[in-house]
Amino acid sequence: MKWAEFTIITTEEASDAIAEMLAQIGADGIAVTDPWEIRRIIEDPDSLSYADGGFVDSLGEDVTVKAYFAELDGLIRLGPKAEEYIDEFDTTAIYGNITGSRVSVDEALRILKEQLGKISAFLDIGKGFDSWKYVQDQDWENEWKKDYKAFRISDRVVICPSWETFEASPSDVVVSLDPGSAFGTGTHETTSTCAVILDDVIKGGEKVLDLGTGSGILAIICKKLGAGEVDAVDIDKLAVDVAVDNCEINGCPDIQCYVGELKNVRSSDYDIIVANIIADVIASIACDIPSRLALGGKFICSGIINTKKEMVEKALADSGFKILRMEEKNDWMAYECELS
Ligand code: SAH
């Protein structure tokens, strides 16, 4: 399969807004190389990564954001991946009039530049659009694998790429992952803040729904921390296939992975529902979460860029939730909530 790779060179302050915008217009994959983030990881005393000074100096200051869009018959696919697989999902409310449209590269570039222009009205976006080219699956796979190493995502949990080994101590919970083309390497703030909350909340035996499972990472973390029944659900069939493989690799074949959205999940008595999706989706599904929770159940949500936090907090309050805990990391918010 061929992908159109759009490269944007930007500043650290604008990179999250640009990545969010790319997700909104339907990028199938987004790779952010942030030299400041790499410096922070290397300098963290708990870091499992080591690098010499020359490497750190060579990183420069610019953040590179690469977005990948599937190429189909010479056209670029915008809008949610779901459209390809399941017709009945109504995502127009979220993606507006660009839902599932196929456009020429020129039109995609026009939309991209228009959206960058909007962001540049309130943030310094640096150089902005740099270049585009077609890449094959293979290049994309190797690009991110180079930088993906074992790392500790929460007190107890270490994420280890499935092609690496990690010397675990007896108290470590190791999750082995090959995210493939699904979202969910664990390196994104929206995933790691969820993992930190789950590490505290899971005590053993809970029935969990991981909505928007991507690679299956959060579902597997829950299971390995001792959860009971776990459902891993995603609107993207490709993600569900990846999640099934990752559950196998981790010796968790009993996690139920299936394609769907909230209305399709099979139970209404989850002790924990975790959803790391974008802010607009969290805000729009919040009102339907209570009917899926067991008494005293918790809703953990993430993927929320802080410019949209008021909207999400209002939707949570309107749905009867009180926020028990809030995690903020580099402009991204995650919440642990309970019905009040
Ligand atoms: N849980 C993973 C992946 C998060 S990415 C992690 O924390 O890293 C968000 C995922 O949600 C994507 O795989 C996307 O396909 C899926 N998604 C988007 N909207 C959804 C919806 N309405 N219902 C279920 N899944 C959705």
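Order of appearance sets the numbers: ligands from 1, and atoms from 1 within every ligand. Just so it is clear, the structure is predicted and the values come from calculations on it, not from any experiment.
- Only side-chain heavy atoms of Leu218 come within less than 4.0 Å of ligand 1; its backbone N, CA, C and O stay farther off.
- Put simply, the side chain of Ile119 does not reach to within 4.5 Å of the side chain of Gln115, judged on heavy atoms.
- One side chain, Tyr270 or Asp231, offers a donor N or O that lies under 3.5 Å from an acceptor on the other.
- Counting heavy atoms only, Gly212 comes closest to atom 25 (N) of ligand 1 of the residues Gly214, Ala243, Ala232, Gly212.
- The ligand atoms of ligand 1 that sit less than 4.0 angstrom from a heavy atom of Thr213 are 1 (N), 2 (C), 3 (C).
- Taking only non-hydrogen atoms, the option from Thr187, Asn264, Ile235 nearest to atom 24 (C) of ligand 1 is Ile235.
- Using a 4.5 Å heavy-atom threshold, the side chains of Val175 and Lys224 count as touching.
- In terms of N/O distances under 3.5 Å, ligand 1 is not approached by Glu261.
- Counting heavy atoms under 4.0 Å from ligand 1, residue Asn276 touches it through both backbone and side chain.
- Taking any N or O of Asp236, backbone or side chain, none lies under 3.5 Å from an N or O belonging to ligand 1.
- Between Gly260 and ligand 1 there is a heavy-atom distance shorter than 4.0 Å.
- Numbered from 1 in the order shown, with element, the atoms of ligand 1 that lie under 4.0 Å from a heavy atom of Val281 read 22 (N).
- A tilted orientation is assigned to the rings of Phe129 and Phe6, their planes being inclined by 30° to 60°.
- Evaluated for a side-chain contact (heavy atoms from CB on, under 4.5 Å) with Trp332, the options Ile305, Thr193, Thr191 yield exactly one hit, Ile305.
- The aromatic rings of Phe299 and Phe321 sit tilted, their planes meeting at an angle between 30° and 60°.
- Just one of Ile235, Leu209, Val281 meets the side-chain contact (heavy atoms from CB on, under 4.5 Å) condition when paired with Leu262; it is Leu209.
- Here Ile217 has side-chain heavy atoms under 4.0 Å from ligand 1, and that is the only part of it that gets that close.
- Numbered from 1 in the order shown, with element, the atoms of ligand 1 that lie under 4.0 Å from a heavy atom of Gly184 read 8 (O).
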Can you list the steps and then say if Lys127 with Thr10 is a side-chain hydrogen bond (donor to acceptor under 3.5 Å, both in side chains)? CA-CA 6 Å; Lys127 179 174 180 197; Thr10 187; over 6 Å; no

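- Where the criterion is an N or O separation shorter than 3.5 Å, residue side chain and backbone included, Ser215 fails it with respect to ligand 1.
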